[in-house]
Trainee: 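First the structure, then my questions, so here it is.
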Amino acid sequence: MSDAFDPDYDTGRDVVVPATILESDDGSHGQSDRLLADLNPQQRVAVEYRGPALLIVAGAGSGKTRVLTHRIARLIENNEAWPSEILAITFTNKAASEMRERVEQLLGQSAEGMWISTFHSACVRILRRESEHFGVTSGFTIYDSADSRTVIKRIIKDLRSDTLGFTVSSVAGKISRLKNDLIDVDGYSRQANFDDPREVMFVEIFRRYARVLRESNAFDFDDLIGQTVYLFRAFPLVTARYQRRFRHVLVDEYQDTNHAQYSWIRELTRPVPRDVVEQVGFETVVRGSADDGNGGIIGASLTVVGDSDQSIYAFRGADSRNIGEFERDFPESSVVLLEQNYRSTQNILSAANAVIANNFDRKDKKLWTADGDGEKIVGYTGFSGHDEAQFVADEIAALHKVGMDYRDMAVFYRTNAQTRALEEILIRSAVPYRVLGGTKFYERAEIKDALAYLATVANPHDVLALRRIVNVPKRGIGSATETQLARFAEANEISLREALRNSSALGFGPKITGAIVQLATVLDGASAMLDPDNPAGQSSIAEVLTFLLERSGFIDSLRASKDPQDETRAENVDELVAVTREFAVNNPDGQLVDFLTEVALVAAADELDDSSGTVSLMTLHTAKGLEYEAVFLTGVEEDLLPHRMSAGEPGGPAEERRLFYVGITRARKRLFLSLAMTRAQFGETSVAMPSRYLQEIPTGLIEWRQSPGAATSHGGTRSRALNPPRDRFGHNRRDSSKTDVASSTSEPKTAWTSRITSKARDNGDLELAPGGRIRHLDFGEGRVSRVTGEGAKRIAHVEFDSGAAKKLLIKIAPIEKI
DNA sequence: ATCGTCGATTTTTTT
DNA sequence: AATCGACGAT
């Protein structure tokens, strides 16, 4: 995203009122009717209403994105606003790009100049522009939560605060909550009780944390919002440029905004008083409608869309009261209610309505559809998590058989840990799937290492990044050496980076000194490659990254390693280089910091690739805002949904219910609710109880393939009668006898386990290494050339003696070592 | 400084 | 089950 943005730019061009505006007063001109034609009456009001503030209460699937995009398009098409006067805030990057696309589609032109982005992206953009007002440079690093935790971990260790019961997560959570409430160290200490040693310690931790970030020229996620609010409040003249530019502010998922985000919106939509206008001395005249008639500028028009029933982020500071109190906060506001649902069948909606009705402190709202009841919700109680997973896999296969695309199906779960069983079974059942937001690509250690190299180049002050790579690959720089370097830097008041360069003065052994100086040279060399004054010209990000990876020895150490996983890691790093190239194509003017920003702000749902043709697996949180033809909501059990951890928290069970509600309302045609009677966790198996939320669904809406009661009282025998095995997947038939033999020793005498194991062979963790020989049932003997992938998805690349080269999924391929 | 082993601890959700 | 940290051996 190139930043050719200037807040003063082009808002004032429109001193002449376009003729279309005069015409539009009676709402009857032809051109824009196209934008209203396919809207219901409420949606129309939401699109056409003009006023200082509008709250659109949009039930699930009621077409809120449609309303927002049409509203924006209409503002533009009617010449009520220039594209640059629009600011639309969404929750994820995916939602933002989707909205941009749809607006462009409606307008038939590019939406250039509009800001359609997430809170965090918008804040980064503002902060980088205005960084001169802070003690940071525009090249600041963004610390993700893992980075924050690393910093906190070191502080806790240094201060030995674990003796007072401080843990990384408790401190990280508290700091995050404070920042979301716009409370900084000083603000906190003002009301802290200093008689309490824990309080004193916390203040000290908080203070050090803030200092580390400041010295590292870094912001954490929460700072991005909080510091922007601070900027808005402290520098009215700066803020006025944004307040003047953005005449129409639209916010999606308003129920998930926290206090900092709320304040951000508040500041941005404030009127600009006359004296500020005069001080700034805007060169251009403001659009007539923004003139308050007294030399000032009226506040921007604010449109928020939300549904308090879908508020599922209270745990991290989201305050759905923001939506409840909108009318009080913005006195001249209006409210539009969207209840007609265009997504799901009535059976699904009735279930959702019945469940959410149990939350008492809500405005009553009932979703309805004109599209009929549809099929019943299917319920299934498995005996174990694996049995449940098998049900999911079977139903997916059945749906696929009758023509449903894999990409139209999704499996939801409360916790990421539940993916294990699901993945195992889906692999065995040959169902193509993707896990969204599991261990993300950018969270892998080797990727974070490579990115840390880039971060040290982009931001030489970034101590965390430098410390991360100082001994990666192993250079013989252990903690002792590192501590000495840090002390040296502090004593001489130089940066750690500078200390590295001058390390020969420290009297380390020649080997270590050489390694340190070599690292400093590589980093400086990379910096030079990006120097705009470099006579050789600036290098691309990919070139810099490749330079760093090669000269530092990082990539070689991975390639030379004996650990077979390092080969995969090297491939991941190569993949990262490819990502930088792709970034350069999409962002011709993109600088290194822009790349690092983009990488830091990707969310789980952003990974979604609609064209992938696979079933999507994700947590219920990630699922918000998405929809699928068929949805499998798994693990509907007590202690899981609602989660055990939510029980103690005030409002916890209600929030969990909303989570369940969000899951239900993602489904268009088919909804499957499943649970297991026993679930493995911490490596132990415990008994699970059906979720209380299940009882809240009218019994007539669910057709139980195996009800919780039946599963308990009749053991496994009943399940097969009710749920006869379907035939599919003939490809393993030939070695089925072998599988039976292998599993017969340990197989309990219940029918349900055999349902799973007889399906496909399982080589489990068969160890294969490059160079090894194997025999394949069909292809004969061959040599393994390499092994890629991890866990259940490990793939052997085999060159068969017949000459054929094949890639085989190790877990299920009919192969054996020879 | 690095590697290996043992034991503790973990799992709620994420921009 | 799997990761992480502490500790001891090399």
Side-chain angles (χ1 to χ4, degrees), chain A residues 89-96 117-124 142-146 148-150 153 156-157 162 167-169 172-173 176 179-180 219-226 253 256-258 260-261 311-318 412-421 424 436-440 442-443 445 471 473-482 508-509 511-512 515 563 597 600-606 618-625 635 639-649 652 655-656 658-660 662-663 679-685 765 790-791:
Chain A
I89 297 293
T90 62
F91 200 66
T92 63
N93 295 302
K94 181 171 190 285
S117 75
T118 62
F119 272 109
H120 292 84
S121 304
C123 287
V124 171
I142 299 166
Y143 281 0
D144 65 20
S145 350
S148 300
R149 295 174 64 98
T150 307
K153 191 185 288 176
I156 288 181
K157 211 172 167 186
D162 51 331
T167 64
V168 175
S169 58
S176 177
K179 288 190 174 185
N180 285 334
F219 288 129
D220 65 20
F221 276 147
D222 301 315
D223 284 335
L224 295 179
I225 315 287
E253 309 282 14
D256 283 327
T257 50
N258 59 36
Q261 290 162 331
S311 160
I312 55 174
Y313 285 107
F315 71 94
R316 70 172 209 226
F412 300 157
Y413 37 82
R414 177 67 233 269
T415 68
N416 282 118
Q418 289 168 250
T419 53
R420 202 167 299 156
E424 280 177 33
L436 299 188
T439 309
K440 280 184 269 173
Y442 295 114
E443 283 171 7
N471 200 28
K474 300 260 186 294
R475 311 187 159 85
I477 305 172
S479 60
T481 311
E482 203 186 304
F508 295 126
K511 218 171 162 182
I512 292 186
D563 186 341
T597 301
L601 296 181
V602 292
D606 298 337
M618 69 191 84
T619 66
L620 284 164
H621 284 86
T622 304
K624 196 183 69 170
D639 290 345
L640 207 50
L641 188 69
H643 196 276
R644 190 183 297 108
M645 289 305 185
S646 72
E649 322 237 322
E655 174 145 323
E656 298 285 308
R658 290 194 292 270
L659 201 48
F660 187 47
V662 165
R679 190 161 296 272
Q681 53 178 0
F682 311 137
E684 289 191 357
T685 308
D765 41 4
E790 277 174 48

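Scope of the values below: all heavy atoms of this structure, side chains included, with no hydrogens, waters or symmetry mates. Every chain is numbered from 1 and lettered A, B, ... according to where its sequence line falls, protein lines coming before strand lines. Note that this is a predicted model, so its numbers are computed, not measured.
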Trainee: Which part of the nucleic acid, if any, lies within contact of A/F119, taking any heavy atom under 4.0 Å across all strands shown: a base, the sugar-phosphate backbone alone, or nothing?
Mentor: nothing
Trainee: For a quick test of reading the model: is some side-chain N or O of A/T92 closer than 4.0 Å to OP1 or OP2 of B/dT15?
Mentor: no
Trainee: Taking the side chain as every heavy atom from C-beta outward, state whether A/K624 and A/F91 have any atom pair closer than 4.5 Å.
Mentor: yes
Trainee: Who passes ring pair (Phe, Tyr, Trp, His ring centres under 6.0 Å) against A/F221, sequence neighbours left out?
Mentor: A/H120
Trainee: Residues two or more places apart in sequence or in another chain: which of them pass salt bridge (charged side-chain N to carboxylate O under 4.0 Å, His left out) with A/R658?
Mentor: A/E655
Trainee: Holding to salt bridge (charged side-chain N to carboxylate O under 4.0 Å, His left out), I want the full list of residues that pass it with A/D222, two or more places apart in sequence or in another chain.
Mentor: none
Trainee: Please enumerate all residues that pass side-chain hydrogen bond (donor to acceptor under 3.5 Å, both in side chains) together with A/T118, with sequence neighbours excluded.
Mentor: A/S121
Trainee: Quick check on B/dT12: is either OP1 or OP2 less than 4.0 Å from any side-chain nitrogen or oxygen of A/H643?
Mentor: yes
Trainee: Report each atom pair, protein N/O against N/O of nucleotides 2-6 of chain B, whose distance is under 3.5 angstrom.
Mentor:
| unit_1 | atom_1 | unit_2 | atom_2 | d |
| --- | --- | --- | --- | --- |
| B/dT2 | OP1 | A/G476 | N | 3.1 |
| B/dT2 | OP2 | A/N471 | ND2 | 3.2 |

Trainee: Return no unless some side-chain N or O of A/T622 is found under 4.0 Å from OP1 or OP2 of B/dT14.
Mentor: yes
Trainee: Given the P atoms of B/dT13 and C/dC4, what is the spacing between them in whole Å?
Mentor: 15 Å
Trainee: For A/T619, check side-chain contact (heavy atoms from CB on, under 4.5 Å) against everything at least two apart and list the hits.
Mentor: A/Y413, A/N416, A/H621, A/T622
Trainee: First and last nucleotide of DNA chain C touching chain A, 5' to 3', heavy-atom cut-off 4.0 Å?
Mentor: C/dA1 to C/dA6
Trainee: Restricting to salt bridge (charged side-chain N to carboxylate O under 4.0 Å, His left out), what partner residues turn up for A/E656, sequence neighbours left out?
Mentor: A/R414
Trainee: Under the side-chain contact (heavy atoms from CB on, under 4.5 Å) test, which residues partner A/A421, sequence neighbours left out?
Mentor: A/H386
Trainee: Looking at every strand, decide which applies to A/K511 at a 4.0 Å heavy-atom threshold: base, sugar-phosphate, or nothing.
Mentor: nothing
Trainee: Looking across every strand, which nucleic acid part, if any, lies under 4.0 Å from A/A480 by heavy atom: base, sugar-phosphate, or nothing?
Mentor: sugar-phosphate
